[in-house]
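Each remark here refers to the structure printed beneath this line.
None of the values given here were measured: they were computed from a predicted structure.
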Amino acid sequence: LISDFARPPRLSEQTRDGGQGFRNSKLTEGEFEICERGVLVRKGDVQGFVKGLTYLLEHPEKVREMGRRGQEYVLRNHNVERLVTDMDKLYQSLLPAGDK
């Protein structure tokens with residue numbers, strides 16, 4: 001939800017990995033990454049989470065951009081038309097071959 005792997009690399013504030021993508025990042029405790037639509041920290045890393053949120057509070061322009069990207073992502077990938085299409089495909093796949 002916070003990053004599209006197929007998209008160009010995004011900013012990596014703390015790991016300085018050049019934006020290679022968090023699949024390759026080795027975040028350690030207390031580190032965070034700024035992604036397209038959110039902040040990434042290690043599971044259970046309160047210190048990293050606090051640092052990430054503090055960074056966002058200090059950079060409201062990043063928050064606005066993440067919000068814009070998040071809204072675009074949801075509208076593109078989780079709209080009503082897509083839900084109906086996905087449900088139709090699911091129901092069609094469950095019908096016996098002769099009933100389709």
Side-chain angles (χ1 to χ4, degrees):
L1 290 175
I2 65 171
S3 183
D4 289 338
F5 294 123
R7 285 195 172 190
R10 83 272 167 254
L11 175 66
S12 177
E13 279 299 319
Q14 292 298 98
T15 59
R16 309 269 187 243
D17 71 353
Q20 295 303 308
F22 64 74
R23 290 179 294 174
N24 301 320
S25 296
K26 304 287 188 227
L27 287 176
T28 60
E29 187 139 347
E31 291 184 325
F32 67 94
E33 285 191 55
I34 301 299
C35 299
E36 292 167 303
R37 297 178 294 272
V39 177
L40 179 70
V41 297
R42 286 177 49 177
K43 181 179 178 180
D45 183 2
V46 175
Q47 182 183 15
F49 185 69
V50 168
K51 286 181 180 179
L53 289 180
T54 300
Y55 176 86
L56 292 177
L57 287 170
E58 294 169 351
H59 297 87
E61 70 284 355
K62 297 249 187 257
V63 175
R64 284 189 291 278
E65 181 65 18
M66 281 183 204
R68 184 188 62 73
R69 289 180 180 171
Q71 183 180 30
E72 288 173 358
Y73 175 82
V74 168
L75 291 173
R76 182 177 63 247
N77 295 293
H78 302 286
N79 58 50
V80 172
E81 291 82 14
R82 179 172 174 211
L83 174 63
V84 170
T85 300
D86 289 350
M87 295 297 290
D88 183 54
K89 287 179 185 177
L90 172 64
Y91 292 146
Q92 293 294 329
S93 73
L94 297 173
L95 288 173
D99 294 338
K100 291 183 182 179

Between the NZ atom in Lys43 and the CG atom in Leu27, the distance rounded to the nearest 0.5 Å is 15.0 Å
When you measure from the side chain of Arg82 to the backbone N and O of Asn77, does any donor-acceptor pair fall under 3.5 Å?
yes
For the student: nearest non-hydrogen atoms of Tyr55 and Ile34, plus distance:
CD2-CD1, 3.5 Å
What is the distance from atom CG of Leu56 to atom CE of Met66, rounded to the nearest 0.5 Å?
4.5 Å
Suppose we screen for side chain to side chain contact (heavy atoms under 4.5 Å, CB included). Which residues come up paired with Val50, at least two apart in sequence or across chains?
Val46, Thr54
Which heavy-atom pair separates Val39 from Phe32 by the least distance, and what is that distance?
CG1-CB, 3.9 Å
Minimum heavy-atom distance Asp45-Gly30, with the two atoms named:
OD2-N, 2.6 Å
Which heavy atom of Arg42 sits nearest a heavy atom of Glu29, and at what distance?
NH1-N, 3.5 Å
Spatial distance of atom CG (Leu90) from atom CG (Leu95) [nearest 0.5 Å]
10.0 Å
Are any of the side-chain nitrogens in Glu65 or Arg68 under 4.0 Å away from the carboxylate oxygens of its partner?
yes
Minimum heavy-atom distance Glu31-Val41, with the two atoms named
O-CG1, 3.8 Å
Excluding sequence neighbours, so at least two apart, what forms side chain to side chain contact (heavy atoms under 4.5 Å, CB included) with Glu81?
Asn79
